[in-house]
2 protein chains.
Amino acid sequence: MTATTRLRSLHIGNINPHVKKAKYAVRGELAVRSEQYRAQLRKGDSGNLPFDTIVAANIGNPQQLDQQPITFFRQVASILENPALLKNEDALIKYMGYKKDVVERAKWLLKEVKSVGAYSQSHGAPGIKESIAKFIEQRDGYPSDPANIYLSNGASGGVNTLLHIICHSHETGVLVPIPQYPLYTATLSVLNARCVPYFLEEHKAWGTNLEEIKSALATAREEGTDVRAIVVINPGNPTGASLSEEDIQEVLKFAAEEKLVVMADEVYQTNVFMGKFVSFKKGLRDLQKSDANKDGKYDHIELASLHSISKGMVGECGHRGGYFELIGFDQEVQDQIYKFISIQLCPPVIGQCFVEMMVNPPKEGDESYELYKKEYDGIFNGLRERAYALWEAFKEMEGVECQDPQGAMYLFPTIKLSQKAIAAAEKEDRQPDDFYSHRLLDATGVCVVPGSGFGQKEGTLHFRTTFLAPGTDWVGRITKFHKEFMDEFRD
Amino acid sequence: MTATTRLRSLHIGNINPHVKKAKYAVRGELAVRSEQYRAQLRKGDSGNLPFDTIVAANIGNPQQLDQQPITFFRQVASILENPALLKNEDALIKYMGYKKDVVERAKWLLKEVKSVGAYSQSHGAPGIKESIAKFIEQRDGYPSDPANIYLSNGASGGVNTLLHIICHSHETGVLVPIPQYPLYTATLSVLNARCVPYFLEEHKAWGTNLEEIKSALATAREEGTDVRAIVVINPGNPTGASLSEEDIQEVLKFAAEEKLVVMADEVYQTNVFMGKFVSFKKGLRDLQKSDANKDGKYDHIELASLHSISKGMVGECGHRGGYFELIGFDQEVQDQIYKFISIQLCPPVIGQCFVEMMVNPPKEGDESYELYKKEYDGIFNGLRERAYALWEAFKEMEGVECQDPQGAMYLFPTIKLSQKAIAAAEKEDRQPDDFYSHRLLDATGVCVVPGSGFGQKEGTLHFRTTFLAPGTDWVGRITKFHKEFMDEFRD
């Protein structure tokens with residue numbers, strides 16, 4: 001302890017140990033270093049750097065990487081921010097190219113929230129909750145009750161809320177897929193609860209394996225862990241995997257037998273390139289009306305399904321909008337959820353309005369539909385093309401294997417590194433994939449996240465990269481770096 | 001336990017007990033009931049209700065109560081949401097009345113954040129942090145370092161972050177003024193840490209009393225509480241009190257002696273009707289360069305100062321913008337704060353832009369200045385007038401006493417209730433002030449928060465009301481109700 005430390009109330013040795021323990025690599029050391037490079041380049045000081053731009057492939061941040069926002073959403077939002085624009089509706093239409101349906105939507109949303117500068121109800125504006133319920137009904141073919149819908153601060157805010165309720169003590173455990181988006185492990189750390197990892201099957205396109213889940217649960221229970229819930233990320237992050245309805249029902253049946261809450265993180269539901277997205281809600285309702293449920297044993301499954309405006313073709317992550325729907329939850333538990341979220345007042349109201357527009361976009365026949373469809377399809381196709389281009393590049397790289405791009409915004413290739421590279425990593429006190437990712441950043445300006453940040457089977461190495469960055473130059477940078485790295489550390 | 005409860009994973013008996021223990025009356029039972037009345041009235045079903053509007057005087061939500069947003073802020077925000085408006089700058093100026101400085105500010109902010117739909121750095125966009133530092137320098141006359149500034153999700157997000165770091169175990173304690181804004185006690189409950197209450201002096205206009213604080217600290221330490229920090233809300237919520245620089249320095253000296261972090265909640269810094277706001281930062285720097293600090297004993301005080309766009313003349317609470325500045329904090333502790341906030345990615349980016357505009361509004365000579373000044377002064381004067389009108393009404397009411405309106409958005413009168421009223425409350429299993437507030441809502445549609453929601457000295461009763469609602473009709477409703485209530489329950 002230094003003299004200054006002794007004078008201070010707080011130092012690294014006495015703050016919250018659970019916060020200290022939490023790990024969140026997506027914005028960790030590599031991301032911080034890449035921001036330093038970016039700041040250096042902004043000052044025009046590219047000096048000794050062997051690249052002139054930073055490619056933030058570490059985080060699903062579409063609009064930072066030039067994805068254009070959808071015009072309809074932003075036109076409506078501009079009116080919500082400045083309703084005085086409606087005083088000259090004609091000019092808005094004539095000179096600014098706004099359509100009638102933009103103006104109407106803005107007027108309707110303003111009626112619902114009064115002002116985007118006012119707090120809403122803590123679980124969100126009632127009219128917006130009704131729109132979400134309609135969307136869910138249309139998507140799944142089953143009713144949805146607005147009373148069970150909670151707007152949130154992105155999906156992350158929803159995960160934080162749900163885990164706060166679920167975690168009863170340091171013995172509480174939650175089944176989390178590995179690899180996973182580290183929000184789950186980090187939040188469980190902060191709550192001093194236990195992450196019960198279950199491994200996904202890389203060679204089966206990162207699908208779930210029920211036997212693996214069962215064995216993870218059994219081991220945890222033997223160790224005295226009170227396992228309460230299972231997290232499923234579908235489509236997968238970082239894996240991109242997309243589950244079949246069969247897989248989904250298997251998880252649901254298992255959850256019913258073991259009395260586990262199912263947390264379905266479905267924020268990538270529109271980012272699906274292979275097959276078709278099936279929601280856990282649909283899987284649940286299908287299961288409940290099937291013969292398998294003759295005796296009603298699946299009637300009481302508790303499902304929380306999360307969605308967000310951050311991903312998909314919307315990509316409005318900076319607006320921090322999202323929601324979760326609760327199915328089968330006890331009313332007294334829901335009352336506690338409401339109280340918990342009320343302490344932070346309400347999610348951003350303009351973000352709530354973006355959620356409304358996401359679930360209720362222009363429809364065929366609406367004036368804005370054509371442009372909306374063109375923009376939406378353009379983004380979707382662009383993402384798919386880039387996913388495949390990157391995947392093709394990985395296929396050519398020595399020691400790299402990568403599952404088919406199925407969905408989400410990521411590829412998560414395996415890399416096989418030489419003993420020499422692993423020894424060099426050890427010398428720097430880094431995991432080998434972290435070492436590789438640091439070298440990649442330093443050589444190319446491309447920032448990825450090492451697999452160790454998401455969890456991976458022992459003895460395997462990966463990294464996660466988004467395929468959001470435009471162009472192909474950066475893929476070439478990776479390919480070139482990789483070849484040089486492999487040559488440098490050849491055993 | 002019912003049969004259904006046994007089938008579920010979660011029920012009221014097994015969820016997080018610390019969440020269950022938390023209390024947040026500002027959005028509690030009364031607020032929920034008032035929303036039910038509001039929904040009923042919206043459906044045109046005023047049926048048996050003795051009022052036709054709800055007056056939400058329970059919460060500082062200016063724009064829900066018809067406070068108009070400031071034009072400059074909203075014009076800039078509309079461009080941030082739809083930068084395509086800049087394609088026809090001339091029309092924007094000619095037909096929409098936007099000024100050149102609006103366009104310039106929007107362009108500058110867009111350069112800083114790239115898109116309001118993109119994530120920013122977790123502690124906020126660098127350019128916005130620089131603006132905040134300049135504002136603090138101008139306000140206090142002392143330097144401020146952008147590296148120590150953290151944008152947040154309203155001030156509430158900042159409080160949540162700081163308490164997460166400070167609370168080490170269930171023995172950690174934080175000194176909290178009573179009455180207080182219940183965010184503090186609720187968050188400490190969720191964190192399973194201890195609230196160490198210190199009472200404010202009602203008869204001294206709700207000022208701090210150092211002897212009282214010392215005695216609260218001593219008692220807590222005797223009980224084994226590891227007291228780490230002291231919260232000061234200035235101007236006060238719910239009290240409206242505004243501290244002198246002398247009081248501030250007294251608290252700071254005490255904090256230095258006792259090694260306490262000072263958390264200064266300064267969200268009402270522009271809502272001051274009597275005297276002048278002095279920031280804790282200025283108090284600290286003045287103290288540090290004074291003779292009292294010859295030996296450097298005040299060099300290492302840790303201060304966190306919080307501010308927000310929700311209050312003041314800005315009133316943009318629905319946008320969830322705020323920031324905190326850290327002074328004297330250990331760098332390793334700050335690194336943990338950064339990691340903690342990165343788990344939730346970043347505060348809403350449009351909210352960050354509102355923070356920038358709040359701290360850097362149009363200046364004399366700017367095209368938008370005149371209107372800005374007019375709107376700002378109009379809101380300020382309107383609030384002051386309503387505060388005094390309400391205060392005058394309270395002075396006339398039997399058994400009601402109220403300190404002078406000094407600042408913030410609230411009055412917090414004492415009410416003296418009869419034994420008969422107290423007995424009636426007991427019968428309903430309510431605190432007497434809660435009983436009174438329920439009766440008030442049911443009779444008038446005016447929703448206030450009972451003093452028990454903020455804490456109060458035993459044997460005293462209060463309620464908090466905002467003075468945001470326009471007009472005077474609602475004040476009349478309170479006066480009439482109060483008279484009838486007092487008559488009904490006269491001993």
Side-chain angles (χ1 to χ4, degrees), chain A residues 4 7-12 14-16 19-20 24 27 61 63-64 69 74-75 77-78 81-82 85 88 91 95-96 114-119 121-122 156 164-165 167-168 183 186 228 259-261 300 302 315-320 330 332-333 336 339-340 342-345 348-351, chain B residues 4 7-12 14-16 19-20 24 27 35 61 63-64 69 74-75 77-78 81-82 85 88 91 95-96 114-119 122 156 164-165 167-168 183 186 228 259-261 300 302 315-320 330 332-333 336 339-340 342-345 348-351:
Chain A
T4 312
L7 288 164
R8 286 203 176 102
S9 169
L10 300 181
H11 52 80
I12 192 72
N14 75 352
I15 60 168
N16 187 333
V19 170
K20 241 163 62 186
Y24 189 72
R27 293 202 160 204
N61 193 0
Q63 295 184 20
Q64 193 65 37
R74 293 305 198 93
Q75 287 180 337
S78 68
E81 285 295 356
N82 190 17
L85 288 171
N88 201 345
Y95 298 106
M96 302 303 179
K114 186 152 179 176
S115 163
V116 291
Y119 293 127
Q121 287 84 344
S122 296
S156 304
H164 261 88
I165 295 294
C167 292
H168 173 267
L183 166 65
R228 291 278 181 91
K259 283 217 320 190
L260 300 173
V261 175
H300 299 290
E302 292 148 276
E316 295 282 358
C317 47
H319 277 107
R320 312 308 299 119
D330 183 280
E332 285 180 313
V333 172
Q336 293 295 320
K339 181 186 69 185
F340 178 76
S342 78
I343 299 170
Q344 289 287 320
L345 300 162
V349 176
I350 189 91
Chain B
T4 312
L7 288 165
R8 286 203 176 102
S9 170
L10 301 181
H11 53 80
I12 193 72
N14 76 352
I15 60 167
N16 188 333
V19 169
K20 239 162 65 184
Y24 190 72
R27 293 203 161 204
E35 285 303 325
N61 193 1
Q63 295 185 21
Q64 193 66 37
R74 293 306 198 94
Q75 287 179 337
S78 70
E81 285 294 356
N82 190 19
L85 288 171
N88 201 346
Y95 298 107
M96 303 301 179
K114 186 153 178 176
S115 163
V116 291
Y119 293 128
S122 297
S156 303
H164 260 89
I165 295 293
C167 291
H168 173 268
L183 167 65
R228 292 275 182 92
K259 283 217 318 192
L260 301 174
V261 175
H300 300 290
E302 293 147 275
E316 295 282 358
C317 47
H319 277 108
R320 312 307 299 120
D330 183 280
E332 286 180 310
V333 173
Q336 294 294 319
K339 182 186 69 184
F340 178 76
S342 77
I343 299 170
Q344 289 286 320
L345 300 161
V349 176
I350 190 90

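Proteins get letters first, then strands, A, B, ... in listed order; numbering begins at 1 in each.
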Pick whichever of A/A186, A/A91, A/S342, A/P69 has the most heavy-atom pairs under 4.5 Å with chain B. A/S342
Test of understanding: with side chain to side chain contact (heavy atoms under 4.5 Å, CB included), list the residues that count as partners of B/S115, not counting sequence neighbours. A/Q63, A/R74, B/A118
Rounded to the nearest 0.5 Å, how far apart are CD of B/E81 and CG of A/N82? 11.5 Å
If one checks every heavy atom of B/Q64 against chain A at 4.5 Å, the contacting part turns out to be both
Give me the atom names and distance for the closest heavy-atom approach of B/I350 to A/H319. CG2-CD2, 4.1 Å
Please report the closest heavy-atom contact between B/E332 and A/I12, naming both atoms and the distance. OE1-CG2, 3.1 Å
With no hydrogens and no angle check, is any side-chain donor or acceptor of A/K20 less than 3.5 Å from a backbone partner on B/Q336? no
Contact part of B/I165 toward chain A, heavy-atom cut-off under 4.5 Å: side chain, backbone, both or neither? both
For the candidates A/P348, A/G351, A/C317, which exhibits the highest count of non-hydrogen atom pairs separated by less than 4.5 Å from chain B? A/C317
Which pair of non-hydrogen atoms, one from A/R8 and one from B/H300, has the smallest distance, and what is that distance? CG-O, 4.3 Å
With sequence neighbours excluded, tell me which residues meet ring-ring contact (aromatic ring centres under 6.0 Å, His included) with A/H164. A/F340
Quick check for you: to the nearest 0.5 Å, what is the distance between A/R320 atom CZ and B/R320 atom CZ? 13.5 Å
Please state whether the side chain, the backbone, both or neither of A/K114 comes within less than 4.5 Å of a heavy atom of chain B. side chain
Let me know if A/Q75 has heavy atoms under 4.5 Å from chain B in its side chain, its backbone, both or neither. both
Working to the nearest 0.5 Å, report the span between NE2 of B/H11 and CG of A/D330. 8.5 Å
Return the minimal non-hydrogen interatomic distance between A/L85 and B/S78, and the atom names on each side. CD1-CB, 4.3 Å
Tell me if a side-chain donor or acceptor on A/S156 pairs with a main-chain N or O of B/Q344 at a distance below 3.5 Å. no
Please answer whether the main-chain N or O of B/Y95 pairs with a side-chain N or O of A/N88 as donor and acceptor at a distance below 3.5 Å. yes
Taking atom OH of B/Y119 and atom CG of A/N61, what is their separation to the nearest 0.5 Å? 7.0 Å
Taking every non-hydrogen pair under 4.5 Å, which of A/L183, A/L260, A/L345 racks up the most with chain B? A/L345
Whether the side chain of A/E302 engages the backbone of B/L10 through a donor-acceptor N/O pair (distance < 3.5 Å, no angle test) should be reported. yes
